[in-house]
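Written out below as C-alpha cells is the structure these notes cover.
Just so it is clear, the model here is predicted, and its values are computed rather than measured. Counting begins at 1 with the first residue of the sequence.
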Amino acid sequence: TEDTQPTCSAQDRACLIDMIEQSTPEITNTRWRDQTLREAAKTKAFDHDVDGALAMINTIDSDDTKAMTIRGIGMVLAFQKQNNDLTQEGYDTAFIKLRKTANMITDPPSYAIALTYIAMAQAFAGDNDGAWETAADMDNDALRHKAYGETAEIQAEFGDYNAAMKSIE
C-alpha cells in the first residue's frame, strides 16, 4: 500500500533503487521482473556499487538477461575507466568479479554471449589484453571469432588499428 512505501525524491538514487528492489519480487511477469533487475543492476554499477549490481544478477531467472546485465555492468565499468572515475585496481577487481559471475551462467550460448560482452567492455576500456584473453577462453569457434570481431570493431573505432588487426588475426 501507499503507506508502506517509502517516499523518495527523484534525486535520491539509493532510495529509488531500494524501492525497486523491494517492489520487484511483486512483478509476476518473469520477463518484466528480469528486465527491471537488469536496469537496477546497471544503475547500481553506475553508482559504484559493483558488488550490489553483481548480486542482483543472481536473482534474474533468464540466462540471456543475465548476459545482458553483464554487458550493461561491463559497459558502465568501461565508461568509468575511460573517464578516470575508476582506478586500474578497481577496474581489474571489478572485471574479475564480472567474469566469475558470468561463469555461473549454465546455458552455453548465453555464457558465450556474456563472455563476448565482457570482451567488448574490456576493449571499450582499452584493455586489449583482457579482451583477447576473455575471447580466447570461449570454446565455440564461431562465437569466439565473433568476440574477436566485435573487439576489432571497437579497437578500430578508437583508432587502435594494430590492436584491431591482431583481433582479426
Side-chain angles (χ1 to χ4, degrees), residues 17 20-21 24-25 27 29-83 85-155 158 160 163-164 166-169:
I17 291 298
I20 290 169
E21 283 188 274
T24 301
I27 300 172
N29 182 305
T30 303
R31 186 169 172 225
W32 294 350
R33 185 176 53 250
D34 282 356
Q35 291 171 350
T36 300
L37 291 166
R38 178 191 68 213
E39 297 307 314
K42 292 187 315 189
T43 301
K44 279 187 175 243
F46 187 81
D47 289 345
H48 300 281
D49 183 5
V50 175
D51 290 337
L54 293 174
M56 291 187 88
I57 292 173
N58 297 327
T59 64
I60 295 172
D61 290 324
S62 164
D63 281 343
D64 284 340
T65 305
K66 288 178 183 180
M68 290 298 296
T69 307
I70 285 169
R71 178 190 188 277
I73 293 169
M75 294 306 288
V76 166
L77 295 169
F79 175 79
Q80 290 171 341
K81 178 77 169 60
Q82 287 174 348
N83 291 306
D85 197 24
L86 185 64
T87 66
Q88 185 64 47
E89 181 181 350
Y91 167 85
D92 291 340
T93 300
F95 268 86
I96 288 168
K97 291 177 181 181
L98 191 63
R99 177 60 189 269
K100 284 181 181 177
T101 302
N103 288 345
M104 292 189 290
I105 295 176
T106 57
D107 178 56
S110 297
Y111 174 67
I113 290 167
L115 292 187
T116 300
Y117 288 147
I118 290 171
M120 290 171 64
Q122 289 170 312
F124 268 109
D127 180 8
N128 294 325
D129 290 332
W132 294 323
E133 183 180 326
T134 299
D137 284 346
M138 299 173 70
D139 292 331
N140 182 299
D141 287 342
L143 294 175
R144 183 177 58 254
H145 295 307
K146 181 181 181 340
Y148 281 126
E150 295 287 349
T151 59
E153 188 176 320
I154 294 162
Q155 291 156 338
F158 283 106
D160 192 347
K166 183 175 178 180
S167 290
I168 291 169
E169 290 172 7

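The heavy-atom pair separating Asp34 from Ser62 by the smallest distance is OD2-N, 2.9 Å. Shortest non-hydrogen contact noted between Trp132 and Tyr148 is O-OH, 3.6 Å. In terms of heavy-atom proximity, Ser110 sits nearest to Ala67 at O-CB, 3.6 Å. Closest non-hydrogen pair, Leu143 versus Ala112, comes out as CD1-CB, 3.3 Å. Between Thr65 and Arg38 the shortest heavy-atom distance is CG2-CB, 4.1 Å. Nearest heavy atoms, Ser167 versus Gln155: OG-OE1, 2.6 Å.
For Lys97, the side-chain contact (heavy atoms from CB on, under 4.5 Å) criterion is met by Asp51, Leu54, Thr93, not counting sequence neighbours. With sequence neighbours left out, the side-chain hydrogen bond (donor to acceptor under 3.5 Å, both in side chains) criterion links Arg33 to Thr30, Asp61. With sequence neighbours excluded, the residues forming a side-chain contact (heavy atoms from CB on, under 4.5 Å) with Ala40 are Ile17, Ile20, Met56, listed by chain and number.
Between Phe95 and Lys81 there is no side-chain heavy-atom pair separated by less than 4.5 Å. Here the side chains of Tyr117 and Met75 are not in contact, with every heavy-atom distance at 4.5 Å or above. Counting heavy atoms from C-beta outward, Met104 and Asn58 have side chains that approach closer than 4.5 Å.
When the shell of 6.0 Å around CD of Gln88 is examined, it contains more than 12 heavy atoms from other residues, nucleotides or ligands. Within 6.0 Å of CG on Asn83 lie more than 12 heavy atoms contributed by other residues, nucleotides or ligands.
Under a 3.5 Å cut-off, the side chain of Arg144 and the backbone N or O of Met138 do form a donor-acceptor pair. Looking at Gln122, its side chain never comes within 3.5 Å of a backbone N or O of Thr151 through a donor-acceptor pair.
In this structure, the separation between CD1 on Ile113 and CD1 on Ile105 is 9.0 Å, given to the nearest 0.5 Å. In this structure, OG1 in Thr69 is found 5.5 Å from CD1 in Ile57, a value given to the nearest 0.5 Å. Taken from OH in Tyr91 to CD1 in Ile96, the straight-line distance is 10.5 Å, to the nearest 0.5 Å. To the nearest 0.5 Å, atoms CG (Leu98) and CD1 (Ile73) are separated by 6.5 Å. With rounding to the nearest 0.5 angstrom, the NZ atom of Lys66 is 8.5 Å from the OG1 atom of Thr59. The structure places NE2 of His48 at 9.5 Å from CG of Leu77, a figure rounded to the nearest 0.5 Å.
Ring centroids of Phe124 and Phe79 are separated by 6.0 Å or more, keeping the two rings apart.
By the 4.0 Å N-to-carboxylate-O rule, Lys44 lies close enough to Glu21 to be salt-bridged with it. Classification of Glu169 and Lys166 as a salt-bridged pair fails, no side-chain N sitting under 4.0 Å from a carboxylate O.
For the side chain to side chain donor-acceptor pair (under 3.5 Å) with Tyr111, the lone residue among Asn103, Thr116, Asp63, Asn140 that qualifies is Asn103.
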